[in-house]
Number of protein chains: 2
Amino acid sequence: MNTILVVDDDPHIVRALAITLKGQGYTVVTATDGQSALHSAAQRPVSVMILDLGLPDMDGTAVISALREWSTVPILVLSARHGSSDKVEALDAGADDYITKPFGLDELLARLRALLRRRNDSSEEVTMVTTSSFTANLDKRQVTKSGQDVRMTPTEWNILDILLRNPDKLITQQQLLTEVWGPAYAKEANYLRVYMAQLRRKLETEPGNPRHLITEPGMGYRFVP
Amino acid sequence: MNTILVVDDDPHIVRALAITLKGQGYTVVTATDGQSALHSAAQRPVSVMILDLGLPDMDGTAVISALREWSTVPILVLSARHGSSDKVEALDAGADDYITKPFGLDELLARLRALLRRRNDSSEEVTMVTTSSFTANLDKRQVTKSGQDVRMTPTEWNILDILLRNPDKLITQQQLLTEVWGPAYAKEANYLRVYMAQLRRKLETEPGNPRHLITEPGMGYRFVP
DNA sequence: GCGAATCTTGACGCGCTCTTAACGGCACCG
DNA sequence: CGGTGCCGTTAAGAGCGCGTCAAGATTCGC
């Protein structure tokens with residue numbers, strides 16, 4: 001779940017924002033001055049920081065600069081000042097977006113979503129699957145068996161990828177054939193038999209007695225970690 | 001160098017922006033309607049797209065959606081409409097920022113820098129790569145092999161850069177072609193073969209039997225340190 | 001405007017992958 | 001006990017993808 005750090009010296013605004021954001025399903029952490037904001041950001045992983053520039057203890061751009069020393073968390077700046085020099089200063093200090101008060105809540109939320117979206121698709125989630133006989137890194141498209149890299153052909157990988165991303169779930173033959181070869185091949189169950197045998201030969205310790213790439217007779221296949 | 005794609009139906013604005021941006025050292029490409037904007041974006045790699053919502057041929061959000069089908073390039077929206085629903089719509093369609101006209105040029109440039117900064121530092125972590133046969137400094141764009149500097153052409157470097165920044169990760173042919181030549185060249189696998197051979201000749205100790213620039217048949221290439 | 005470096009494009013041979021067919025084993029059922 | 005699907009296995013031909021080379025086109029620096 002995404003955690004939003006809200007920093008504003010006005011407790012009313014903080015509370016109002018917190019309620020709204022929680023209503024959107026975000027986890028919310030708050031701070032009312034620069035020092036505690038930096039401290040909070042260091043305490044736990046934060047997805048986005050919403051920062052008011054008018055803080056009592058330190059200048060807003062100073063907070064941004066300090067945070068940027070060690071963190072790349074997206075910063076959305078709120079400010080009452082409309083002057084463009086303020087905006088330029090904040091943005092060049094390392095902020096990612098800037099809204100002037102008064103602002104529309106829906107606009108704030110939309111900009112928040114934009115920041116979160118970009119953050120999420122740049123931070124690649126590491127998808128690793130390990131079993132007793134092989135290890136697969138779905139991100140790198142790499143499979144190793146007892147320390148050795150296992151070469152996969154495109155078709156082999158396509159099938160394996162689908163199965164590994166759905167552990168314990170039954171994948172019907174039609175699903176596999178449609179995903180890999182296209183809808184026109186939905187009845188060519190032969191292909192699957194050939195390639196499942198190939199995959200087992202490469203990945204199972206005992207290909208004739210598979211433990212992870214399981215056949216469900218009459219239905220399809222299932223990957224069991 | 002960063003390439004900015006400017007899209008606006010008013011030629012005056014396009015020219016004014018182009019001059020300003022070129023003055024900042026950016027490479028500028030322009031378009032005056034949605035279709036040609038999408039086409040331009042597909043022709044070459046673009047760092048940021050500046051998009052006016054009031055285009056003659058298609059709705060602004062439609063342009064965003066169409067672009068997001070295959071590209072993650074940051075989009076900065078310009079619009080004359082102040083309504084918050086317009087902003088929400090554009091941002092949720094996939095835009096990254098939204099400025100209403102009239103806007104301050106310095107603010108636009110600052111927001112542009114913010115977008116470029118995030119795009120560039122999202123992948124800048126490892127700058128030195130060493131293998132048994134060559135050493136590369138990704139910051140300085142310098143490669144040495146057994147003490148000797150190796151000259152790289154721009155295209156060669158672009159390819160190498162992507163591979164080196166993703167060690168052990170399989171990069172598909174489409175990814176490479178899209179990043180280096182632009183999405184329009186996604187099927188010109190010939191180019192890759194020529195340039196991979198070139199890179200191997202320059203970097204591998206045994207070009208015919210590569211140890212670091214590995215081909216994954218039917219899929220793409222992989223850099224193995 | 002000229003020369004050199006770089007990029008684009010086409011052709012060719014080889015190896016690997018995909019496709020396809022045939023056969024045997026197994027379980028279920030009449 | 002014989003029949004019928006369904007699955008696993010194997011093998012072989014076809015076709016495609018890759019590496020390689022070379023020549024023409026284009027860009028870039030001087």
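Here is the naming used below: chain letters follow the sequence lines, and residue numbers restart at 1 for every chain. Small disclaimer: the values here were computed from a predicted structure and weren't measured. All values below come from the heavy atoms of this structure, side chains included, with hydrogens, waters and symmetry mates left out.
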Worksheet item: Of R151(A) and Y185(B), whose closest DNA chain C nucleotide lies nearer the 5' terminus?
Response: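 Final value for this comparison: Y185(B).
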field: Whole-Å gap separating P (dC16(C)) and NZ (K202(A))
entry: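 To the nearest whole Å, that distance equals 12 Å.
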Please state how far atom CD in E156(A) lies from atom P in dC18(C), giving the value in whole angstrom units.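 The answer, rounded to whole Å, is 6 Å.
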- Task: Consider the side chain of T153(A), meaning its heavy atoms from C-beta on, and name the nucleotide among dC7(C), dC18(C), dA5(C) that approaches it most closely.
- Result: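 Among the listed nucleotides, the one closest to the side chain of T153(A) is dC18(C).
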Each nucleotide of nucleotides 24-30 of chain C classed B (base within 4.0 Å of a protein heavy atom), S (only sugar-phosphate) or -, in 5' to 3' order, makes -------
Heavy-atom contacts, protein to nucleotides 5-23 of chain D, under 4.0 Å, summarised as B (base), S (sugar-phosphate only) or - (none) per nt, yield -SBBBB------SBBBB--
Can you confirm whether more than 12 heavy atoms, excluding those of M58(B), are under 6.0 Å from its CE atom?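 Result for CE/M58(B): enclosed.
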Donor-acceptor contacts under 3.5 Å from residues 179-190 of chain A side chains, at least two apart:
none

Is any side-chain heavy atom of [X] less than 4.5 Å from a side-chain heavy atom of [Y]?
X: D52(B); Y: V7(B); result: no
X: Y221(A); Y: L213(A); result: no
X: V224(B); Y: R211(B); result: no

Q: Indicate the ring-plane relationship of H212(B) and F223(B), choosing parallel, tilted or perpendicular according to the 30° and 60° boundaries.
A: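 Rings of H212(B) and F223(B): tilted, 30 to 60°.
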*asked:* With a 4.0 Å limit, can you tell me whether W181(A) has a side-chain N or O closer than that to the phosphate oxygens OP1/OP2 of dC18(C)?
replied: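 The answer is no; no side-chain N or O of W181(A) sits under 4.0 Å from OP1 or OP2.
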**Asked** Should L67(A) and M49(A) be marked as a side-chain contact (heavy atoms from CB on, under 4.5 Å) after you check the CA-CA gap, both sets of side-chain angles, and the distance that decides it?
**Response** CA-CA 10 Å; L67(A) 189 69; M49(A) 180 173 178; 3.4 Å; yes
Original post:
Got a salt bridge between D97(A) and R111(B), using NZ or NE/NH1/NH2 to carboxylate O under 4.0 Å?
Top reply: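 Salt bridge present between D97(A) and R111(B).
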